[in-house]
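Heads up: the structure comes next, in structure tokens.
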Number of protein chains: 2
Amino acid sequence: METKKIPDIVVARLPRYLQVLQHMKQEKLVTTNSKVLGDRLGISAAQIRKDLSQFGEFGKQGTGYSVDFLINTLRVILNVTDAWKIVVVGAGDLGHALAHYQGFTNRGFQVSMVFDNDPRLIGKQIGAFTVQDTADLIDKVRAAEIHVAMLTVPASAAQKVAEELVKAGVTAILSYAPIVLNLPHNIQVQYIDPILQLQHMTYYLE
Amino acid sequence: METKKIPDIVVARLPRYLQVLQHMKQEKLVTTNSKVLGDRLGISAAQIRKDLSQFGEFGKQGTGYSVDFLINTLRVILNVTDAWKIVVVGAGDLGHALAHYQGFTNRGFQVSMVFDNDPRLIGKQIGAFTVQDTADLIDKVRAAEIHVAMLTVPASAAQKVAEELVKAGVTAILSYAPIVLNLPHNIQVQYIDPILQLQHMTYYLE
DNA sequence: CAAGATTTGTGAATATTATAGCAATAAATT
DNA sequence: AATTTATTGCTATAATATTCACAAATCTTG
């Protein structure tokens with residue numbers, strides 16, 4: 001093992017490995033190997049071994065990998081051993097969907113607060129959460145020490161809200177707004193825009 | 001210009017270029033250049049020029065690119081000059097959000113049908129759509145000649161529904177289910193799983 | 001317990017992707 | 001109209017990423 005700078009493209013694959021391993025665990029598989037993992041992911045076995053070898057030696061020759069051990073290892077590497085609190089800003093359909101989604105807990109996250117600036121939504125209940133006024137966002141998010149946010153406001157509001165989140169101490173933002181956010185370099189930003197992925201596919205259609 | 005095989009990684013960037021160009025058009029910008037585009041996208045100017053040059057010569061030395069012309073060109077390349085009809089399967093919160101979303105039309109898509117297998121949802125109205133029974137999916141999607149689908153059913157149902165979509169003639173699927181689908185090679189598949197992106201970011205957090 | 005079958009981790013070889021740099025061209029300026 | 005400035009498209013180069021292939025380690029089988 002060599003602890004140099006790990007390429008980001010490798011880091012990006014680790015969550016997928018973890019996802020498949022957690023499915024394997026549900027299927028009661030106790031051990032696996034790079035060939036099987038690769039087949040499930042559409043990735044070569046060599047790549048999986050190389051990626052993992054960046055972080056240590058987790059397998060055993062002749063046998064492969066312990067599913068449980070590799071899950072735990074990847075959770076440590078990806079920093080999701082505990083659940084990160086998440087703030088959702090934007091209580092529209094998408095915010096609703098995220099606030100209701102049951103899949104976060106066993107993958108390292110938990111929605112903790114939901115905000116919106118629409119008076120018709122403020123105070124309303126969404127599952128376990130009461131929609132709070134975005135005007136109070138900075139104070140409340142800072143007080144709760146939340147560092148991860150999901151942004152589901154309209155594109156026109158996204159930049160402003162993102163800046164408020166940063167002021168509140170958030171350092172990782174997953175934005176569903178179809179615009180490029182302009183934020184300090186130390187802030188992690190990822191985007192979800194289904195249309196980008198649809199257009200990627202239509203390129204290959206007749 | 002050389003029409004060899006275009007690398008997929010280049011194709012994946014084109015929708016982002018188109019997105020930014022459409023914003024520029026809204027801002028009434030008439031021309032732009034690789035430097036400005038690159039700054040907005042966090043990509044080098046050379047890369048943008050190189051990517052575009054794979055498809056032809058669209059710029060003018062000393063001036064840059066016409067925003068309108070480049071938008072039209074990218075729409076042709078990405079095959080989104082007309083609007084693709086989309087079927088949404090799964091009428092939960094996420095399906096609702098997608099059915100209501102106003103952003104598809106001017107980017108090459110239009111939701112046309114919504115399905116679910118839950119008797120409590122079938123027949124219900126979601127915006128302009130009546131939720132239809134998944135039992136009728138194959139016939140109705142085939143009859144409507146829909147080739148693009150968004151899958152928002154629970155993970156446990158996703159593989160089965162995806163196979164039905166393929167039988168119905170769908171060749172591009174955007175899946176929100178957090179599992180890897182197993183489908184014929186000629187089917188385009190893309191995934192949206194916010195947790196993968198959250199975990200990618202937490203790797204870099206303290 | 002020896003022989004054969006597996007499977008890892010990794011250095012070396014290949015392949016792919018990104019960047020640098022510049023001739024060519026167009027526009028702006030004097 | 002000559003000079004300067006801006007910007008493309010593209011070739012050459014550099015940087016990254018992937019795959020190959022094999023010694024070493026472990027398990028399986030007779």
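Every chain is numbered from 1, with letters handed out A, B, ... down the list of sequences. Values in this document were obtained by computation on a predicted structure and should not be read as measured data.
- OP1 or OP2 of dT7(C) has not a single side-chain nitrogen or oxygen of Thr63(A) nearer than 4.0 Å.
- Nucleotide dT6(C) holds its P atom 12 Å from the NZ atom of Lys35(A), rounded to whole Å.
- Under 4.0 angstrom from either OP1 or OP2 of dT19(C) there lies at least one side-chain N or O belonging to Ser44(B).
- Side-chain nitrogen and oxygen atoms of Tyr65(B) include none within less than 4.0 Å of the OP1 or OP2 phosphate oxygen of dA6(D).
- A distance of 5.0 Å separates CG of Leu37(A) from CD1 of Ile48(A), quoted to the nearest 0.5 Å.
- The side chain of Ile9(B) approaches dA18(C) more closely than any other nucleotide in the set dG9(C), dA18(C), dT7(D).
- Judged purely by distance below 3.5 Å, without hydrogens or angles, the side chains of Asp8(A) and Tyr204(B) pair a donor atom with an acceptor atom.
- Put simply, CG on Leu70(A) is 13 Å from C1' on dT8(C), counting in whole angstrom units.
- In this structure, Gln47(A) atom CD and dT14(C) atom P are separated by 19 Å, rounded to whole Å.
- Checking Gly62(A) against Gly59(A), the closest nucleotide of DNA chain C that is more toward the 5' end is the one next to Gly62(A).
- Counting to the nearest Å, the C1' atom of dT10(C) and the CG atom of Asp51(A) are 13 Å from each other.
- If you take CZ on Arg107(B) and CG on Leu198(A), they are separated by 9.5 Å, rounding to the nearest 0.5 Å.
- For Gln61(A), no side-chain nitrogen or oxygen approaches OP1 or OP2 of dT6(C) to under 4.0 Å.
- When the side-chain nitrogen and oxygen atoms of Arg13(A) are compared with OP1 and OP2 of dA17(D), none of them lie within a distance under 4.0 Å.
- For the pair Leu37(B) CG and dT8(D) P, the computed distance is 9 Å after rounding to whole Å.
- Look at CG on Asn33(A): it is 11 Å from P on dT6(C), rounded to the nearest Å.
- Straight-line distance from the CZ atom of Arg49(B) to the P atom of dA23(C): 15 Å, rounded to whole Å.
- Looking at the side chain of Ser53(A), the nearest of the listed nucleotides dG9(D), dT10(C), dA26(C) is dT10(C).
- A donor-acceptor contact under 3.5 Å is formed by the side chain of Lys50(B) with the base of dT19(C).
- If you take CG of Leu52(A) and C1' of dT18(D), they are 15 Å apart, rounded to a whole angstrom.
- Side-chain polar atoms of Gln110(A) and Lys85(A) form no donor-acceptor pair below 3.5 angstrom.
- One finds no side-chain N or O of Lys60(B) lying less than 4.0 angstrom from the OP1 or OP2 phosphate oxygen of dT25(C).
- The minimum heavy-atom distance between Gly127(B) and His100(B), with the atom names listed, is N-NE2, 3.5 Å.
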